[in-house]
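Below is one structure; the comments refer to it alone.
Note: hydrogens, waters and symmetry copies are ignored here, and every other heavy atom, side chains too, is used. Along the sequence shown, residues carry numbers from 1.
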Amino acid sequence: MSRMIFVNLPVADLQRSIDFWTALGFTFNPQFTDENATAMEISNDASVMLLTEKFFSTFTKRKVADARQQTEAIMALSAESREEVDRLADKALASGGAASNEPQEDGFMYARSFQDPDGHLWEVVYMNPAALEQQV
């Protein structure tokens, strides 16, 4: 049995987040969407739950981190090519995201990073299978 993963992230403005991720080509599951949350579909086995900050805080007794001031995690999305990495990162920047780090090039891997409108850190990564095999 394969496992599913649901990453939960607090957002200040749910509609702004939906608009941002829609511009990058992502879709949302209407069964899990209301005024408090939405489920952004990454794949059949992975979703990102975007929750309003108020709703998110009901799931934890800890203080919710301000992603613009602190790093809570770095989410990485795979890409099928270097061109797809650039396309997705460029769309993120053009749709209200902010640059995070310089592009990373490591022979078998190419990555670019950005911050979404709430400051969450994201990377888009392409790993060249042929070059990766030569690393082993």
Side-chain angles (χ1 to χ4, degrees):
M1 174 182 130
S2 68
R3 293 193 185 272
M4 298 178 75
I5 185 168
F6 300 88
V7 175
N8 294 273
L9 294 176
V11 299
D13 182 330
L14 184 59
Q15 190 58 55
R16 178 185 68 186
S17 294
I18 291 170
D19 294 344
F20 175 79
W21 290 108
T22 297
L24 273 64
F26 290 91
T27 59
F28 300 86
N29 185 331
Q31 288 181 291
F32 300 103
T33 299
D34 62 18
E35 68 279 357
N36 293 311
T38 190
M40 181 173 72
E41 298 172 329
I42 303 296
S43 71
N44 289 338
D45 295 324
S47 295
V48 175
M49 299 298 301
L50 302 173
L51 311 172
T52 63
E53 291 171 345
K54 183 177 178 182
F55 187 55
F56 183 92
S57 69
T58 66
F59 293 94
T60 182
K61 293 178 182 173
R62 294 181 176 186
K63 182 180 175 185
V64 177
D66 179 349
R68 290 182 184 92
Q69 302 297 320
Q70 303 157 320
T71 300
E72 72 222 317
I74 300 172
M75 283 62 68
L77 300 169
S78 63
E80 294 185 9
S81 67
R82 292 174 60 94
E83 294 77 21
E84 186 181 18
V85 169
D86 288 335
R87 181 184 58 77
L88 198 55
D90 289 343
K91 275 189 177 181
L93 298 176
S95 300
S100 188
N101 292 318
E102 294 297 318
Q104 299 173 350
E105 181 107 38
D106 190 19
F108 68 93
M109 183 183 78
Y110 175 66
R112 287 185 54 194
S113 58
F114 62 88
Q115 298 172 39
D116 70 18
D118 288 285
H120 303 293
L121 300 176
W122 293 85
E123 288 184 344
V124 186
V125 181
Y126 168 67
M127 288 190 236
N128 180 328
L132 185 58
E133 287 178 17
Q134 292 175 359
Q135 295 285 340
V136 179

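Aromatic pair Phe32/Phe28: centroids not less than 6.0 angstrom apart.
Taken together through direct or relayed side-chain contacts under 4.5 Å among Ile, Leu, Val, Met, Phe, Trp and Tyr, Phe56 and Met49 form part of one hydrophobic cluster. The cluster map of Ile, Leu, Val, Met, Phe, Trp and Tyr, joined by side-chain heavy atoms under 4.5 Å apart, puts Val125 and Ile42 in different clusters. Under a hydrophobic clustering in which Ile, Leu, Val, Met, Phe, Trp and Tyr are joined whenever their side-chain heavy atoms come within less than 4.5 Å, directly or via other members, Phe108 and Tyr110 fall into different clusters. When hydrophobic clusters are built by joining Ile, Leu, Val, Met, Phe, Trp and Tyr residues whose side-chain heavy atoms come closer than 4.5 Å, directly or via intermediates, Ile74 is not grouped with Val124. Hydrophobic clustering (side-chain heavy atoms under 4.5 Å, transitive across Ile, Leu, Val, Met, Phe, Trp, Tyr) keeps Leu121 apart from Val11.
From Ile5, atom CD1 reaches atom CZ of Arg3 across 11.0 Å, with rounding to the nearest 0.5 Å. Rounding to the nearest 0.5 Å places CG of Asp13 at 13.0 Å from CZ of Phe20. Remark: Tyr126 OH to Met109 CE distance equals 12.5 Å, nearest 0.5 Å. For the atom pair CG of Asp118 and CG of Asp66, the computed distance is 9.0 Å after rounding to the nearest 0.5 Å.
With a 4.5 Å cut-off on side-chain heavy atoms, Phe26 and Leu88 count as touching. Looking only at side-chain heavy atoms (C-beta outward), Leu9 and Met40 stay at 4.5 Å or farther from each other. Contact of the Asn36 side chain with the Lys54 side chain is not registered, since no non-hydrogen atoms from C-beta on lie closer than 4.5 Å. Looking at Trp21 and Leu50, their side chains come closer than 4.5 Å, going by heavy atoms from C-beta outward.
Of all the heavy atoms in Val64 and Thr60, the pair that sits closest is CG2-CG2, 4.4 Å. Considering every non-hydrogen atom in both Glu72 and Ala67, the closest pair reads OE2-CB, 3.5 Å. Taking each heavy atom of Pro117 and Gly96 in turn, the nearest pair found is CG-O, 4.2 Å.
With sequence neighbours excluded, the residues satisfying side chain to side chain donor-acceptor pair (under 3.5 Å) with Trp122 are Asp116. For Asp19, the side chain to side chain donor-acceptor pair (under 3.5 Å) test picks out Gln15, with sequence neighbours left out.
Remark: side-chain polar atoms of Ser113 are paired, donor with acceptor, to backbone N or O of Asn101 under 3.5 angstrom. Without hydrogens or angle criteria, Arg87 side chain to Leu24 main chain gives no donor-acceptor distance under 3.5 Å. Judged by distance alone, the side chain of His120 and the main-chain N or O of Pro10 form a donor-acceptor pair under 3.5 Å.
By the 6.0 Å contact criterion, CD on Gln31 is open, its count of non-hydrogen atoms from other residues, nucleotides or ligands being 12 or less. The 12-atom threshold is exceeded at CG of Asp45, counting heavy atoms of other residues, nucleotides or ligands nearer than 6.0 Å.
For the side-chain contact (heavy atoms from CB on, under 4.5 Å) test with Ser100, the passing option among Arg112, Glu123, Gln115 is Gln115; the others fail.
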